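Everything numeric in this text was worked out from a predicted model, so none of it was measured.
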Amino acid sequence: MNTHDIITDKFYYGKSSQYKNTIGNQHCHNLFEIYYLEEGSCHYFIDNETYEAKAGDIVLIPEGIIHKTVYLDSDAKRRLIYCTQMHIPAPVSRYLTNIGYIYRNKKVSNETLSILNEIEKEWSSPDKFSDNMILCHMHRFFFLLARNPDTEVPSRSTNTYTTATIAYIKENYFEDVTLTDLAARCMVTPEHLSRTFKRDTGLGISEYLSITRLQHAQFLLRSDLTLSIAEVAKRCGFNDSNYFSKRFKEAYGISPLSFRKV
């Protein structure tokens, strides 16, 4: 095992099914994610919309955004990078808001793949210069996107019931939110809403609610040190602080108290 097989809080590269790792299992994390779909197609749920991604697409997900991939092809090939703002050139960082979540431009697909291959080479066989070389290649990658605007807006396929459910959860995550109440608001059966939400997002409603609550808990743990763990749990919709601590550790691999101290 080389040193780069260990996921750090700075950078990670993987391809196909190789990235079975802690970060990859999370649907919301504190790193910038770059997803390149080399072959196949998928539905990519990001924030509150589901996008139809196809081969050659680049998905750009800022830290803290809830997301989930649902593959339409079992033999899909993809590459994945987690990085920090350090890997994004300042001029491009401002430009990324204009790109959105999905970048699609077939004219630069070969060059994109070439850069990713260079990153993979440095990642798999590192030496004392590899971190600097990866930084250079990452800057090349982002400047390539900025110089060549995306040429096509990908289609979206989020059902109105799903959109309404997401909006309600975002505003009321700290309340006692139930599937029955959500379904009544949409005037559909709980079973229909549950199936529709899962189809659109790849996540169950309870899973999405938990992720949203944990996301806000992260913020409170760092932003208000006067709050106890129990108070943070209650403000985020967890009535049992022990259950909150268990879910938090399952999601992030660290206890709420330890997270606050990091």
Side-chain angles (χ1 to χ4, degrees), residues 4 7 11-21 23-29 31-63 65-83 87-89 92-93 95-124 134 136-159 162 197-203:
H4 282 289
I7 301 168
F11 188 87
Y12 177 79
Y13 174 90
K15 60 188 295 186
S16 296
S17 59
Q18 294 176 7
Y19 46 85
K20 300 294 184 181
N21 58 69
I23 300 177
N25 292 332
Q26 295 178 17
H27 304 305
C28 178
H29 43 74
L31 293 173
F32 191 99
E33 180 175 327
I34 301 165
Y35 174 101
Y36 178 76
L37 188 58
E38 195 170 348
E39 295 180 15
S41 58
C42 70
H43 285 165
Y44 216 123
F45 172 72
I46 311 170
D47 198 14
N48 60 355
E49 293 281 357
T50 299
Y51 301 85
E52 296 179 11
K54 56 186 181 181
D57 284 355
I58 298 170
V59 185
L60 304 167
I61 307 174
E63 57 271 24
I65 299 295
I66 297 175
H67 57 281
K68 172 73 173 180
T69 314
V70 178
Y71 290 101
L72 306 179
D73 301 292
S74 58
D75 57 348
K77 290 185 177 180
R78 60 274 190 197
R79 304 197 186 201
L80 185 68
I81 289 175
Y82 298 110
C83 64
H87 296 90
I88 306 174
V92 178
S93 184
Y95 174 77
L96 286 179
T97 56
N98 297 326
I99 295 179
Y101 295 127
I102 307 290
Y103 174 92
R104 180 177 292 170
N105 188 337
K106 292 181 180 179
K107 292 181 179 180
V108 300
S109 289
N110 289 338
E111 192 171 353
T112 298
L113 198 52
S114 176
I115 294 174
L116 291 177
N117 286 337
E118 291 296 328
I119 293 173
E120 180 179 345
K121 187 187 303 182
E122 296 293 342
W123 175 261
S124 58
I134 285 174
C136 290
H137 292 315
M138 289 298 297
H139 281 202
R140 284 179 56 213
F141 175 86
F142 280 110
F143 278 124
L144 177 66
L145 303 193
R147 279 181 161 179
N148 300 272
D150 45 350
T151 57
E152 181 184 346
V153 178
S155 59
R156 305 180 184 186
S157 57
T158 309
N159 185 281
T162 299
F197 194 93
K198 181 74 173 181
R199 181 198 66 204
D200 288 345
T201 68
L203 299 167

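- Considering only residues two or more places apart in sequence or on other chains, D47 meets the side-chain hydrogen bond (donor to acceptor under 3.5 Å, both in side chains) condition with K170.
- In this structure, Y95 OH and L145 CG are separated by 8.0 Å, a value rounded to the nearest 0.5 Å.
- The minimum heavy-atom distance between A76 and L37, with the atom names listed, is CB-CD1, 4.4 Å.
- Considering I66, D200, T69 as possible partners of F45, the one that fulfils the side chain to side chain contact (heavy atoms under 4.5 Å, CB included) test is I66.
- Classification of the W123-Y12 ring pair by plane angle, with boundaries at 30° and 60°, yields perpendicular.
- Salt-bridge annotation for E118 and R140: absent, with no side-chain N of the basic residue lying under 4.0 Å from a carboxylate O of the acidic one.
- Note that OG1 of T162 and CG of L203 are 11.0 Å apart. Values are rounded to the nearest 0.5 Å.
- Annotation: side chain of I34 is not in contact with side chain of V59 (no heavy-atom distance under 4.5 Å).
- Screening K15, K54, R79 against E38 for a salt bridge (Lys or Arg N to Asp or Glu O under 4.0 Å) leaves a single residue, R79.
- In this structure, I115 and H137 have side chains that are in contact, with non-hydrogen atoms separated by less than 4.5 Å.
- Contact of the F142 side chain with the L96 side chain is registered, since non-hydrogen atoms from C-beta on lie closer than 4.5 Å.
- Taking 4.5 Å as the limit, some side-chain heavy atom of L144 sits within range of a side-chain heavy atom of T112.
- With a 4.5 Å cut-off on side-chain heavy atoms, I102 and I46 count as touching.
- For A55, there are no side-chain contact (heavy atoms from CB on, under 4.5 Å) partners at least two apart in sequence or on another chain.
- In this structure, the ring of Y35 has its center less than 6.0 angstrom from the ring center of Y44.
- The closest side-chain heavy-atom distance from T50 to V70 is not below 4.5 Å.
- Judged by distance alone, the side chain of D75 and the main-chain N or O of G40 form no donor-acceptor pair under 3.5 Å.
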Fill in: Residues H67, E33; criterion side-chain hydrogen bond (donor to acceptor under 3.5 Å, both in side chains); working and verdict
CA-CA 10 Å; H67 57 281; E33 180 175 327; 2.9 Å; yes
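- Scanning both residues, D150 and N105, for their nearest heavy atoms gives CA-CB, 4.3 Å.
- The shortest distance between side-chain heavy atoms of F11 and M138 falls below 4.5 Å.
- Nearest heavy atom pair, residue L60 against residue P62, reads O-CD, 3.7 Å.
- Centroid-to-centroid, the aromatic rings of H87 and F32 stay 6.0 Å apart or farther.
- In this structure, the side chains of E49 and Y101 stay at 4.5 Å or more apart for every pair of heavy atoms.
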Item to complete: Walk me through it: do D57 and R104 pass the test salt bridge (Lys or Arg N to Asp or Glu O under 4.0 Å)?
Response: CA-CA 5 Å; D57 284 355; R104 180 177 292 170; 2.6 Å; yes
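- The two residues Y103 and P149 come nearest to each other via the heavy atoms CE1-C, 4.0 Å.
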